[in-house]
Amino acid sequence: MGIISTIFVGLIVGALARLLMPGDQKMGWILTCLLGIAGAFVAGYVGQAMGWYQVGEPVGWIASIVGAFLLLFVFEKVRGSSKS
């Protein structure tokens with residue numbers, strides 16, 4: 001059940017990260033959701049491996065949003081520099 005819940009959280013936090021990110025992201029919702037899922041997985045793995053929180057704690061949502069936001073930011077920077 002952990003993977004399914006992480007995917008569900010990733011879908012939500014991907015949308016939240018896109019809404020919080022300033023500017024216009026020229027990507028579809030599918031890519032946004034995939035980045036959100038990846039951010040949730042990375043944040044969940046790092047946060048639990050470092051002992052910052054356990055599965056099911058509310059801080060996991062915050063970490064997932066931050067992870068998705070960072071991945072979205074990095075993706076935009078890499079994509080922006082390749083278009084130049």
Side-chain angles (χ1 to χ4, degrees):
M1 190 67 176
I3 292 175
I4 293 172
S5 63
T6 303
I7 290 172
F8 180 71
V9 168
L11 293 172
I12 294 170
V13 300
L16 286 173
R18 184 172 178 176
L19 290 173
L20 293 174
M21 184 78 150
D24 183 32
Q25 296 83 34
K26 293 182 175 39
M27 68 176 71
W29 281 100
I30 293 174
L31 185 57
T32 301
C33 291
L34 290 176
L35 286 173
I37 291 168
F41 272 109
V42 169
Y45 177 75
V46 170
Q48 292 169 26
M50 300 292 262
W52 293 337
Y53 60 87
Q54 299 300 317
V55 176
E57 290 185 19
V59 74
W61 280 88
I62 297 168
S64 295
I65 293 170
V66 170
F69 188 82
L70 288 174
L71 280 179
L72 184 61
F73 178 78
V74 168
F75 180 80
E76 284 294 315
K77 291 299 179 187
V78 168
R79 190 169 118 182
S81 66
S82 66
K83 286 185 176 183
S84 298

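Position 1 is the first residue of the sequence; numbering continues from there.
- Among all heavy-atom pairs drawn from Ala43 and Ala63, the shortest one is CB-O, 3.2 Å.
- In the hydrophobic cluster analysis, where Ile, Leu, Val, Met, Phe, Trp and Tyr join through side-chain heavy atoms closer than 4.5 angstrom, Val59 is grouped together with Met50.
- In the hydrophobic clustering of this structure, Val42 groups with Tyr53; members are Ile, Leu, Val, Met, Phe, Trp, Tyr whose side-chain heavy atoms approach within less than 4.5 Å, directly or through other members.
- Residue pairs meeting the side chain to side chain donor-acceptor pair (under 3.5 Å) criterion with at least one member in residues 31-46, sequence neighbours excluded: Arg18-Thr32.
- In the hydrophobic clustering of this structure, Phe41 does not group with Val66; members are Ile, Leu, Val, Met, Phe, Trp, Tyr whose side-chain heavy atoms approach within less than 4.5 Å, directly or through other members.
- Considering all non-hydrogen atoms of both residues, Gly36 and Ala68 come closest at CA-CB, 3.9 Å.
- Linking ILVMFWY side-chain heavy atoms closer than 4.5 Å, directly or via other members, places Phe69 and Ile12 in a single hydrophobic cluster.
- Two residues are said to be in side-chain contact when any heavy atoms from C-beta on lie closer than 4.5 Å; Trp52 and Val46 meet this criterion.
- Taking all atoms of both residues into account, the shortest heavy-atom contact from Ile65 to Leu16 is CD1-CD1, 3.9 Å.
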